Amino acid sequence: MKYQFSFRNISQKFTRPVITNHGIWEIRESVIIRLEDMTGKVSWGEIAPISWFGSETLEEALDFCHQLPKEITSEIIFEIIFKIPDKLPACQFGFESALENLQENHESLNYHHLNFSGLLPAGKAALNKWQNLWNQGYKTFKWKIGVHDINAELEILTLLIYNLPESAKLRLDANGGLDDNAAKLWLKQCDNFPNKIDFIEQPLPVDKFSEMLELSNYYNTKIALDESVATLQQLENCYKQGWRSIFVIKPGIVGSPSRLRKFCQQYQIDVVFSSVFETAIGRQAALKLAAELSSNNRAVGFGINHYFTQPQANWPQSLWNNL
Ligand SMILES: O=C(O)CCC(=O)c1ccccc1C(=O)O
Ligand SMILES: [Mg+2]
């Protein structure tokens, strides 16, 4: 087997900026990879790193692509692509999923049974955004916390909970931005609403694993690790160190899909799949994994409200044609 390989760096503006504890994120950059086999069949892949989250940088991903030959042989697949180092997890995902796409027919792809979680804007803007998402069918919402003053945010939480319909569920995502005191305040408040709060995501920074383990044993509200398990190595580590609550998996940056499958099948972990704000290419590959490996019917964090303005016709092929 032989493939023609090419790639492009693309950048897209969010329809509205994503605001987290790390600041304001306005433009999503990623690398689209294209493989064409000898019969002319084309397969796409996407490398969408988030370096502040623990993956490689976009530059490192581009460097990796630049040093590959234009013609990819079986030997290169086995010796290079399947051996991409763990410090390039988004590259592992992009290349492996592009190769998987060449192997299978797309009929088998079905993720329509999945429930989706919709992302609310941070701060009080959440209060007048959930209704619109609810009308679109979302029943689970995620709200970023640790962005504004904690007292103001706790007040908004109370309002949100009283406003949301009975059956709605709320996830809180601190992006590692709380300190021990703040985390306890949030968890204590969430324990007052046991049927409303799905979980709190990554309350403390990555280096505070044992503190989060302790919190998860003390409070009833579930804690989900996200930044702490950004890559497969971290996921395996946290499991070994005794984490049995929720793991957020972002396939786009976690690493090799086949290694992820093996891990999830070997250990029956409680997982929530989540996007890295990839384009339709990475999204499709990530949702395929979510459909295969999701547990406890947990809503996947792939709401589309943050996505980009509609791509042009014949995308992504048009990216190549225009150059
Ligand atoms: O998980 C979701 O529901 C949406 C995706 C999301 O929040 C996210 C997207 C990109 C980078 C980080 C995060 C995050 O979960 O912190
Ligand atoms: Mg998160």
Side-chain angles (χ1 to χ4, degrees), residues 20-22 30 46-58 60-61 64 82-97 142 144 146 171-180 183 199-217 222-278 282 285-286 289-290 292-296 298 300-302:
T20 74
N21 176 259
H22 291 269
S30 67
E46 180 173 359
I47 306 171
I50 315 177
S51 55
W52 60 263
F53 211 88
S55 83
E56 69 270 53
T57 62
L58 187 81
E60 288 169 318
F64 179 78
F82 285 157
K83 292 181 183 166
I84 297 176
D86 287 346
K87 64 181 203 308
L88 301 174
C91 289
Q92 290 178 343
F93 170 80
F95 279 96
E96 213 185 292
S97 47
K142 178 155 123 178
K144 297 285 188 184
R171 297 173 173 175
L172 307 181
D173 188 358
N175 284 107
L178 307 180
D179 59 22
D180 211 43
F199 52 77
I200 294 192
E201 204 167 301
Q202 195 74 33
L204 304 178
V206 172
D207 62 359
K208 297 280 188 291
F209 175 81
S210 52
E211 288 84 346
M212 285 189 279
L213 192 56
E214 209 170 289
L215 292 173
S216 76
N217 291 328
K222 283 191 179 283
I223 295 177
L225 295 184
D226 190 10
E227 280 86 341
S228 289
V229 294
T231 67
L232 266 159
Q233 262 178 335
Q234 291 173 291
L235 181 67
E236 288 162 356
N237 258 331
C238 288
Y239 184 82
K240 276 197 200 120
Q241 291 176 65
W243 190 263
R244 294 296 178 274
S245 193
I246 303 169
F247 298 84
V248 176
I249 294 180
K250 291 177 159 49
I253 54 170
V254 83
S256 149
S258 54
R259 187 166 148 208
L260 176 67
R261 280 195 191 92
K262 258 190 224 144
F263 184 80
C264 292
Q265 284 155 2
Q266 183 171 2
Y267 305 102
Q268 299 299 310
I269 55 173
D270 192 351
V271 290
V272 171
F273 280 82
S274 159
S275 97
V276 290
F277 301 138
E278 54 279 88
L289 286 161
E292 276 177 57
L293 305 170
S294 276
S295 54
N296 302 329
R298 290 199 181 278
V300 297
F302 282 85

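Index from 1, following the sequence. What you see is a predicted model; the values in this text were computed from it and never measured.
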Visitor: Under 3.5 Å, side chain of Gln92 to main-chain N/O of Ile84, donor-acceptor pair present?
Guide: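 Indeed, once roles are kept as given, a pair shorter than 3.5 Å links the two residues.
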Visitor: With under 30° as parallel and over 60° as perpendicular, where do the rings of Tyr239 and Phe263 fit, or are they tilted in between?
Guide: perpendicular
Visitor: Side-chain contact test, heavy atoms from C-beta onward, threshold under 4.5 Å: evaluate it for Lys144 versus Lys142 and give yes or no.
Guide: yes
Visitor: Working to the nearest 0.5 angstrom, can you tell me the gap between Phe302 CZ and Glu278 CD?
Guide: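 Phe302 atom CZ to Glu278 atom CD measures 5.0 Å (nearest 0.5 Å).
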Visitor: Shortest non-hydrogen contact from Thr231 to Gly54?
Guide: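 Looking at all heavy atoms of both residues, the closest pair is CG2-O, 4.0 Å.
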Visitor: Do Arg259 and Asp86 have side-chain heavy atoms sitting under 4.5 Å apart?
Guide: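 Arg259 reaches Asp86 side chain to side chain.
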Visitor: Can you tell if the side chain of Val248 reaches within under 4.5 Å of the side chain of Asp173, non-hydrogen atoms only?
Guide: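 With C-beta onward as the side chain, the pair stays apart.
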Visitor: Apply the side chain to side chain donor-acceptor pair (under 3.5 Å) test between Lys250 and each candidate in Ser275, Ser55, Ser274; give the one that qualifies.
Guide: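 The side chain to side chain donor-acceptor pair (under 3.5 Å) with Lys250 is passed solely by Ser274 among Ser275, Ser55, Ser274.
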Visitor: For the CD atom of Gln234 and the CG atom of Leu225, what is their distance to the nearest 0.5 Å?
Guide: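 Reported to 0.5 Å precision, the distance equals 10.0 Å.
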Visitor: Could you tell me the separation between the CZ atom of Arg261 and the CG atom of Leu293, rounded to the nearest 0.5 Å?
Guide: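 Result: 6.5 Å between the selected atoms.
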Visitor: Do Ile223 and Ile246 have side chains that get closer than 4.5 Å, going by heavy atoms?
Guide: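 When only atoms from C-beta onward are counted, Ile246 and Ile223 do not touch, as no gap falls below 4.5 Å.
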Visitor: Which pair of heavy atoms, one from Pro89 and one from Glu56, lies closest together, and at what distance?
Guide: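 Closest approach of Pro89 to Glu56: CD-OE1, 3.1 Å.
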Visitor: Does Ser97 use its side chain to pair, donor to acceptor, with the backbone of Ala286 at less than 3.5 Å?
Guide: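 Answer holds: no.
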Visitor: Please report the interatomic distance CG(Leu204) to CD(Glu227), rounded to the nearest 0.5 Å.
Guide: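 So the CG of Leu204 and the CD of Glu227 are separated by 11.0 Å.
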Visitor: Which atom pair, heavy atoms only, marks the closest approach of Val271 to Ser294?
Guide: CG2-CA, 4.1 Å
Visitor: Run Cys264 and Ile249 through side chain to side chain contact (heavy atoms under 4.5 Å, CB included) and show every step you take.
Guide: CA-CA 10 Å; Cys264 292; Ile249 294 180; 4.0 Å; yes
Visitor: To the nearest 0.5 Å, what is the distance between OG (Ser216) and CH2 (Trp243)?
Guide: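 It is 4.0 Å, given to the nearest 0.5 Å.
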Visitor: How far apart are the closest heavy atoms of Gly252 and Val276, and which atoms are they?
Guide: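 Looking at all heavy atoms of both residues, the closest pair is CA-CG2, 4.1 Å.
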Visitor: Start with the C-alpha distance between Ile47 and Phe95, add both sets of side-chain angles, then the distance that settles side chain to side chain contact (heavy atoms under 4.5 Å, CB included), and finish with yes or no.
Guide: CA-CA 8 Å; Ile47 306 171; Phe95 279 96; 3.8 Å; yes
Visitor: Below 4.5 Å, heavy atoms only, C-beta onward: do Gln241 and Leu213 meet side chain to side chain?
Guide: no
Visitor: Give the intermediate values and the outcome of side chain to side chain donor-acceptor pair (under 3.5 Å) for residues Asn175 and Glu201.
Guide: CA-CA 7 Å; Asn175 284 107; Glu201 204 167 301; 5.8 Å; no
Visitor: Show, in sequence, the C-alpha distance, side-chain angles and deciding distance for Phe93 and Cys91, and conclude whether the side chain to side chain contact (heavy atoms under 4.5 Å, CB included) test is met.
Guide: CA-CA 5 Å; Phe93 170 80; Cys91 289; over 6 Å; no
Visitor: Using the side chain to side chain donor-acceptor pair (under 3.5 Å) rule, take Glu96 and Ser258 through it: C-alpha gap first, then chi angles, then the decisive distance, then the call.
Guide: CA-CA 8 Å; Glu96 213 185 292; Ser258 54; 2.9 Å; yes
Visitor: Between CG of Leu172 and CD of Gln202, what distance do you get to the nearest 0.5 Å?
Guide: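 Between atom CG of Leu172 and atom CD of Gln202 there are 13.5 Å.
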Visitor: What do you reckon, is CD of Glu214 surrounded by more than 12 foreign heavy atoms closer than 6.0 Å?
Guide: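 At most 12 heavy atoms, drawn from other residues, nucleotides or ligands, come within 6.0 Å of this atom.
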Visitor: Compare all side-chain heavy atoms of Arg298 with those of Asp270 and state whether any distance is below 4.5 angstrom.
Guide: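 Yes, close enough: below the 4.5 Å cut-off.
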Visitor: Stepwise, does the side chain to side chain contact (heavy atoms under 4.5 Å, CB included) test hold for Ser228 with Met212?
Guide: CA-CA 10 Å; Ser228 289; Met212 285 189 279; 3.6 Å; yes
